[in-house]
A.B. asks: 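Before I ask anything, let me first share the structure, which is written out below as structure tokens.
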Amino acid sequence: MTIQEFKIIFDCYSKRLVYYAGQLIGNRYNEDIVEDVFVNLWLNPPKEINLKAYLYIAVRKRCYDLWKHEKQKVKYAASPEANCFQHLL
């Protein structure tokens, strides 16, 4: 993939993907997720695929991964183990 091709893809899909991510997880991390997806696309371009589907699935997966991570943080913060270490902070 050339820089010119990447720029066209980015210009075509980035705003839509940011909006899509925002619908899934809110606006806190949506731009970061889309940026990560495009970095991954640049570093590891897939071979002959439906690009639109690839991008939307990648954003959805990253949003889900973030949601799981945030859920674990909340669960840990409410656990007795987390309270044991509060005095160290």
A.B. asks: Excluding sequence neighbours, so at least two apart, what forms side chain to side chain donor-acceptor pair (under 3.5 Å) with Asn50?
C.D. replies: none
A.B. asks: Using side chain to side chain donor-acceptor pair (under 3.5 Å) as the criterion, list what pairs up with Asp32, not counting sequence neighbours.
C.D. replies: none
A.B. asks: So do Arg62 and Asn40 actually touch side chain to side chain, heavy atoms under 4.5 Å?
C.D. replies: yes
A.B. asks: According to salt bridge (Lys or Arg N to Asp or Glu O under 4.0 Å), who are the partners of Lys61, at least two apart in sequence or on a separate chain?
C.D. replies: Asp65
A.B. asks: Using atom types as modelled, flag every donor-acceptor pair under 3.5 Å from a side chain in residues 6-14 to any protein atom, sequence neighbours excluded.
C.D. replies:
{"from": "Lys7", "atom 1": "NZ", "to": "Asp11", "atom 2": "OD2", "distance (Å)": "3.0"}
{"from": "Ser14", "atom 1": "OG", "to": "Phe10", "atom 2": "O", "distance (Å)": "2.9"}

A.B. asks: Of all the heavy-atom pairs spanning Cys63 and Ile33, show the shortest one and how long it is.
C.D. replies: SG-CD1, 3.8 Å
A.B. asks: Once rounded to the nearest 0.5 Å, what's the spacing between atom CG of Leu55 and atom CG of Leu17?
C.D. replies: 5.5 Å
A.B. asks: As an exercise, state the distance from OH of Tyr19 to CG of Leu24, rounded to the nearest 0.5 Å.
C.D. replies: 10.5 Å
A.B. asks: Under 4.5 Å between side-chain heavy atoms, hopping through other hydrophobics if needed: is there a path connecting Val34 to Leu51?
C.D. replies: yes
A.B. asks: Not counting sequence neighbours, which residues clear ring pair (Phe, Tyr, Trp, His ring centres under 6.0 Å) with Tyr56? List them please.
C.D. replies: Tyr20
A.B. asks: Tell me which pairs pass salt bridge (charged side-chain N to carboxylate O under 4.0 Å, His left out) where either residue lies in residues 45-55, with sequence neighbours left out.
C.D. replies: none
A.B. asks: Quick check: do Phe38 and Val59 have side-chain heavy atoms less than 4.5 Å from each other?
C.D. replies: no
A.B. asks: Of all residues at least two apart in sequence or in a different chain, which pass the side-chain contact (heavy atoms from CB on, under 4.5 Å) check with Pro46?
C.D. replies: Leu41, Ile49, Tyr54
A.B. asks: Which other residues belong to the hydrophobic cluster containing Trp67, where Ile, Leu, Val, Met, Phe, Trp and Tyr are joined when side-chain heavy atoms lie under 4.5 Å apart, directly or via other members?
C.D. replies: Tyr64
A.B. asks: Is it the case that more than 12 heavy atoms not belonging to Leu43 sit under 6.0 Å from its CG atom?
C.D. replies: yes
A.B. asks: Name all residues meeting the side-chain contact (heavy atoms from CB on, under 4.5 Å) criterion together with Glu5; count only those two or more places apart in sequence or in a different chain, and write none if there are none.
C.D. replies: Met1, Thr2
